[in-house]
Number of protein chains: 2
Amino acid sequence: MSDVRKQPTLHDVARLAGFSTSTTARALGNYGRIAETTREKVRAAAEELGYRANPLARSMITGKTKTIGVVCADLSSPFFAEALRGISDVAKGRGYDILIVNTDEDVASERDAVALLRDRHVDGVIVSPADVRQVDHLAALQTPERALVLLDRSSSALDTDSVTVDDVSAMTDAVGRLLDAGHRHIGIVTELRIEREADWQSLLGDLDHSERRELNPSSRRLLGYLRAHREHDIPIDPALVARTGATSVDSARRATTRLLEQRDETGMTAVVTVDNTTSVGAYGAIRDHGLRVPDDLSFIAFDNLDWTTLVQPAVSVIEQPVYALGSRAADVLLDRLDGIRTTPGEEILLDTRFIERESIRAVQQV
Amino acid sequence: MSDVRKQPTLHDVARLAGFSTSTTARALGNYGRIAETTREKVRAAAEELGYRANPLARSMITGKTKTIGVVCADLSSPFFAEALRGISDVAKGRGYDILIVNTDEDVASERDAVALLRDRHVDGVIVSPADVRQVDHLAALQTPERALVLLDRSSSALDTDSVTVDDVSAMTDAVGRLLDAGHRHIGIVTELRIEREADWQSLLGDLDHSERRELNPSSRRLLGYLRAHREHDIPIDPALVARTGATSVDSARRATTRLLEQRDETGMTAVVTVDNTTSVGAYGAIRDHGLRVPDDLSFIAFDNLDWTTLVQPAVSVIEQPVYALGSRAADVLLDRLDGIRTTPGEEILLDTRFIERESIRAVQQV
DNA sequence: CTGTTAGCGCCTTCAG
DNA sequence: CTGAAGGCGCTAACAG
């Protein structure tokens, strides 16, 4: 029975086993050359004392902490929670721990987070940048020793791995389906948080050349919407693009309500959204407005969450593999750290899937 | 411009400032007595070099890591995600970082998690124990130096702070409302994961003495259900208690389906659930069964999530302050660490609220 | 194969 | 008020 004494150290084990600390360390750490009998004696001694290595001390020397930092905008969102789960499962399986930081989609806060993680010597960082065009602090993070993987967003300003979905195509496809069903006035509720993106009409002039890695997800999805219209030769009505200025359900709800109130002028017959938050907000607004989906309005949500099958009729959605986004990001990161992966930074795209349910109604052409 | 050199150390700053390392440390750490002019010179030097203290080295000496460990069963559940957000916000505000571990509601995994956190010298731990009666590993975590706070669950076997809601009363109240509305055959979908709790009927013999801190949340909520019946002098029909063996929506869905299939025999007119997972599963099953809420079946969900107002008619719910549960737990923990709180371990109860919506219909007495 | 010697970067006595 | 010495627990050369 050990007393209330402090944790036994390598030194204690060495003394009990009758070897030097370095031999003891080698025996326990499985490195260097060691006699089998020695190893066993040391192990027995360690066991007897209930010895556990002190990772702090080890990290001081090796420079490795077996820790990865995850910086995310909103821990409580279903998207991040699920992705984080994916990251966590992989990290745990590969012997890494997770230090987590929340930033509220704020670049300044993200800067602090990154500094903090650097100070703490994390071996790698997974981040979903608040703004894919303000990433100097992220660039500064990259060293031969420290890996960086972008999650859900990619940036042309960063030469590193990213794991995302091809949301431009996903949205082009989804909106294309509405257009094919005869819809000519489709509203979109999107979050244009970044100042420069608020002026989304600049996208119109550059539908082809737009480099998706210079755009945040909401803008990328808007781009998909615009492209679908172009492909179908349908003009864009700016009044149908509703912008939410914040990442909140309420903000999305208000933006949608504005869209709904102008229905007489715009003739809007369908609505699409760009993520879980805008989906919930928009659907709620539609319902509050006394409109029925799809009888009065067709609707496509982004992200296949529980509620989309709980409401009736069930909502058609663009599904993205959220868990896999996280787990894949973690795998890529750890592959870098373990030296398994040495190729240049890569943009990894996971597949989305359109799930057809009952929220789309075909309309007659006028 | 500093080169690709390593991070500057205290030693570098000291040399540049022209003082010893100890003086430099004091100047930067604001402790001991230091001349104002010295402090400024040192600061200037530190600034010039872009010096940042190495928390690892500091922790080695102080024994403090400014880190709290959070061990949770399922990161991706809306409950934990939201609670974690609360924890994170408080921790950040008070200068602590978060190391997170997922356990899948598995006690063995929880043991590992706890060992890991201890090894990493976290200053405190917030945990939602997988089983409130197997907590020896948690007890072992408590030291004068290291604080422990239970989240969402409390345990009579542990003398420490806990932050929970009074779910027994919350459920007694909710079921009472159904009974008042004339319901006599109310189904409950609950998760009795722990072997010994599967035999829930033992609760029946001990409705009063049951110490809620010996029960996991789902059982506590079931207890509330049982008590409501007793208060109303309504007998319990065991066939109305549906047990899910796992924490999954599907499992809840199947359990509910069984309940639904026996409607002819049981005469069930209402269903209550015990958490978000069972709520989603049960509601889905009811809908799949072609039943309408509340026309064919009244329904009360646990946790006020978005979907409960998105479906129509909206679902009445027992709301718990999830974010506050997390933030409060973090505050209590940090108060202990900062020595602000020295009272014996306390069971902190936050209020739940019943939100009446449209999922309950009164029934005529037979 | 094993032991010795040095630190990692910082804090903390203890002298001065 | 400041400096010198020592060490937290471990690993990393180097000898032996």
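So you know, we letter chains A, B, ... as the sequences are listed, proteins then strands, and number each from 1.
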Q. Are the charged groups of B:Asp119 and A:Arg52 less than 4.0 angstrom apart, N to O?
A. yes
Q. What is the distance from CG of A:Asn54 to C1' of D:dT11, rounded to the nearest Å?
A. 13 Å
(Q) Rounded to whole Å, please give me the gap between CG in A:Asp119 and P in C:dC10. (A) 10 Å
Q | Separation of atom CZ in B:Arg15 from atom P in C:dG9, rounded to whole Å | A | 12 Å
Q.
At 4.0 Å (heavy atoms only), tell me whether B:Ser59 reaches a base, stays on the sugar-phosphate, or touches nothing.
A. nothing
Q: Check step by step if salt bridge (Lys or Arg N to Asp or Glu O under 4.0 Å) holds for B:Asp104 and A:Arg85.
A: CA-CA 11 Å; B:Asp104 289 305; A:Arg85 178 67 200 266; 2.5 Å; yes
Q | Nearest to side-chain heavy atoms of A:Thr9, which nucleotide of D:dG9, D:dT2, C:dG3 | A | D:dG9
Q | Sole residue of A:Val122, A:Ile98, A:Val125, A:Val90 in side chain to side chain contact (heavy atoms under 4.5 Å, CB included) with A:Ile68 | A | A:Ile98
Q) How many angstroms lie between CG in B:Asp97 and CD1 in A:Ile100, if you round to the nearest 0.5 Å? A) 11.5 Å
**Q.** Nearest-angstrom distance from the residue atom NZ of B:Lys64 to P of D:dC8
**A.** 18 Å
Q: Specify the separation, in whole Å, of atom CG of B:Leu28 and atom P of C:dC10.
A: 9 Å
Q. Can you check whether A:Arg58's main-chain N or O pairs, donor with acceptor, with A:Thr62's side chain at less than 3.5 Å?
A. yes
Q: Sugar-phosphate atoms are those with a prime plus P, OP1 and OP2; base atoms are the rest. Using that split, label each nucleotide of nucleotides 11-16 of chain C B, S or - for protein heavy atoms under 4.0 Å, 5' to 3'.
A: BB----
Q: For D:dG6 and C:dT5, measure between their P atoms and round to the nearest Å.
A: 16 Å
(Q) Without decimals, in angstroms, what is the distance between A:Asp12 CG and D:dC10 C1'? (A) 13 Å
Q | Atom pair distance, as rounded to whole Å: CG in B:Leu56 and P in C:dC10 | A | 10 Å
Q | Length of the CD-P vector between B:Gln7 and C:dG9, whole Å | A | 10 Å
Q | Euclidean distance, B:Glu110 CD relative to B:Leu138 CG, rounded to 0.5 Å | A | 5.0 Å
Q | Among A:Leu150, A:Thr160, A:Asp131, the one residue meeting side chain to side chain contact (heavy atoms under 4.5 Å, CB included) with A:Ser155 | A | A:Leu150
